[in-house]
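Below: one structure, written as structure tokens.
Residue numbers begin at 1 in each chain, while the letters A, B, ... track the order of the sequences.
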Amino acid sequence: MKIEKKYKPGDPLIGFERTITKSSINEYAEASGDYNPVHIDQTYASKTQFGGIIAHGMLSMAFIGELMTLNFPNTWYNGAKIKVRFKSPVLPGETLSVFGNIASIIDNKTSVIAKCNVTCRKRNGTVALAGTISLPIC
Amino acid sequence: MNVGDTYGPYKFTFDKKRAQLLEKSIGTSDYTIHKNRLPPTAIIALGLAELIEELSLFRKDLLDAGGVIHATQEAEFFMPVKIGEEIIANAKLTGNSVRGSSRFLTISSNFVSDSNKKVATASSTIILPI
């Protein structure tokens, strides 16, 4: 089965950084329809355990989507399975490294499936999101 | 809320304006939007927002008690969705348990196109204060 690019376990995915701002959180709220006050109301959010506005977990997951589109533009939309855990809130002003690697490759006769580990991590080392994605790579 | 309860259907369309807002918030390099395809995670996010609205999870008593936390998300994507295409989502409560002072809800959703083609499935775990 022909694979467009040679992948092997351990290969890193092409990653990137994103800085979260209040604007990007507001834009994501409007785009997604999620107006949870913890994301958009500083007065409310300051009284919560988070002490202030936090980004949507799904915004971090959207970054993972971008990671996968960047690395697997032809197959991310067809047949990918994703499983993530939101581990730590992301505050405005924080920068996330979005990265991953190929954990394993399974070649059966009808398809080749890559299993990837994916992470969004803050500059202080705290993991905001961690998960796995399985997708066909050819 | 009982396991087995169903929600929806929700019909939504991710139009160009919304897609551009999404693009701006994510800081994409535009290839997704320029190919006229929505990021698959955006579909899940829209369905989740509709569900949260139906379940009234942003009501005052819950917010005052600490609010809702999105703990985990799973999804499977079957086909790309074009900007402007209508999506129909249905959801079901598949888990409802209590641990300590928190309630854990698991909600499974499925998404189809307006031509009834399977677009995605998802499973979300949300934590509520009791």
Side-chain angles (χ1 to χ4, degrees), chain A residues 16-21 23-39 41 44-45 47-50 54-66 68-70 73-87 89 98 129-135, chain B residues 10 12 14-15 17-29 31-32 35 37-53 57-58 60 62-81 119-127 129:
Chain A
F16 53 85
E17 283 194 335
R18 286 287 185 272
T19 299
I20 313 301
T21 63
S23 294
S24 57
I25 294 171
N26 287 340
E27 282 150 5
Y28 191 81
E30 207 173 332
S32 66
D34 182 348
Y35 295 102
N36 186 339
V38 79
H39 302 309
D41 182 341
Y44 167 76
K47 296 174 192 165
T48 67
Q49 58 182 306
F50 308 114
I54 60 171
H56 303 73
M58 290 300 290
L59 178 54
S60 295
M61 191 168 171
F63 296 146
I64 295 296
E66 282 306 295
M68 300 311 286
T69 308
L70 187 62
N74 298 320
T75 56
W76 164 234
Y77 294 82
N78 301 286
K81 291 183 192 179
I82 179 169
K83 197 171 179 175
V84 303
R85 182 174 291 274
F86 303 111
K87 296 174 80 76
V98 184
L129 174 157
T132 58
I133 297 175
S134 297
L135 79 167
Chain B
Y10 313 119
F12 50 84
F14 217 101
D15 61 20
K17 183 186 170 189
R18 219 167 180 178
Q20 285 170 337
L21 268 172
L22 179 70
E23 183 180 43
K24 209 172 164 204
S25 68
I26 299 172
T28 72
S29 58
Y31 43 80
T32 299
K35 284 183 181 174
R37 292 183 303 190
L38 284 177
T41 57
I43 301 156
I44 309 302
L46 278 184
L48 193 59
E50 295 278 354
L51 179 71
I52 286 170
E53 179 79 25
L57 295 184
F58 297 156
K60 194 175 185 310
L62 284 178
L63 291 178
D64 289 346
V68 173
I69 296 172
H70 189 182
T72 71
Q73 185 65 54
E74 296 181 30
E76 187 169 358
F77 309 120
F78 299 97
M79 59 177 270
V81 173
V119 168
T121 57
S123 178
S124 315
T125 303
I126 296 169
I127 305 172

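The CG atom of A/L129 sits 10.5 Å away from atom OG1 of B/T72, with the distance rounded to the nearest 0.5 Å. Put simply, CD on A/E27 and CD on B/Q20 are 11.5 Å apart, with the number rounded to the nearest 0.5 Å. Note that the OH atom of A/Y35 and the CD1 atom of B/I52 stand 13.0 Å from one another [nearest 0.5 Å]. For the atom pair CZ of A/R85 and OG1 of B/T125, the computed distance is 7.5 Å after rounding to the nearest 0.5 Å. A/L135 CG to B/E76 CD: the interatomic distance, rounded to the nearest 0.5 Å, is 11.0 Å. Note: A/D34 CG to B/H70 NE2 = 9.5 Å, rounded to the nearest 0.5 Å.
Counting heavy-atom pairs under 4.5 Å between each of B/I26, B/L46, B/V81 and chain A puts B/I26 at the top. Of the listed residues B/A45, B/A120, B/A71, B/G67, the one with more heavy-atom pairs under 4.5 angstrom with chain A than any other is B/A71. Ranked by heavy-atom pairs under 4.5 Å with chain B, the first of A/N36, A/N26, A/T21, A/T48 is A/N36. Of the listed residues A/P73, A/A29, A/S32, the one with more heavy-atom pairs under 4.5 angstrom with chain B than any other is A/S32. By number of non-hydrogen pairs under 4.5 angstrom with chain B, the leading residue of A/K87, A/M68, A/K81 is A/K81.
Judged purely by atom type and a 3.5 angstrom limit, A/Y44 uses its side chain to pair as donor or acceptor with the backbone of B/L63.
In terms of heavy-atom proximity, B/R18 sits nearest to A/E30 at NE-O, 3.8 Å. Of all non-hydrogen atoms in B/F58 and A/P37, the two that sit nearest each other are CG-CD, 4.2 Å. Scanning both residues, B/L38 and A/Y77, for their nearest heavy atoms gives O-CE2, 3.2 Å.
Contacts between A/V84 and chain B at a heavy-atom distance below 4.5 Å involve backbone atoms as well as side-chain atoms. Heavy atoms of B/F14 lying under 4.5 Å from chain A belong exclusively to its side chain.
Inter-residue side-chain proximity for B/F78 and A/N78 is flagged as unmet; no heavy-atom pair is nearer than 4.5 Å. Two residues are said to be in side-chain contact when any heavy atoms from C-beta on lie closer than 4.5 Å; A/Q49 and B/I69 meet this criterion. Between B/S25 and A/L59, some side-chain heavy-atom pair lies under the 4.5 Å cut-off.
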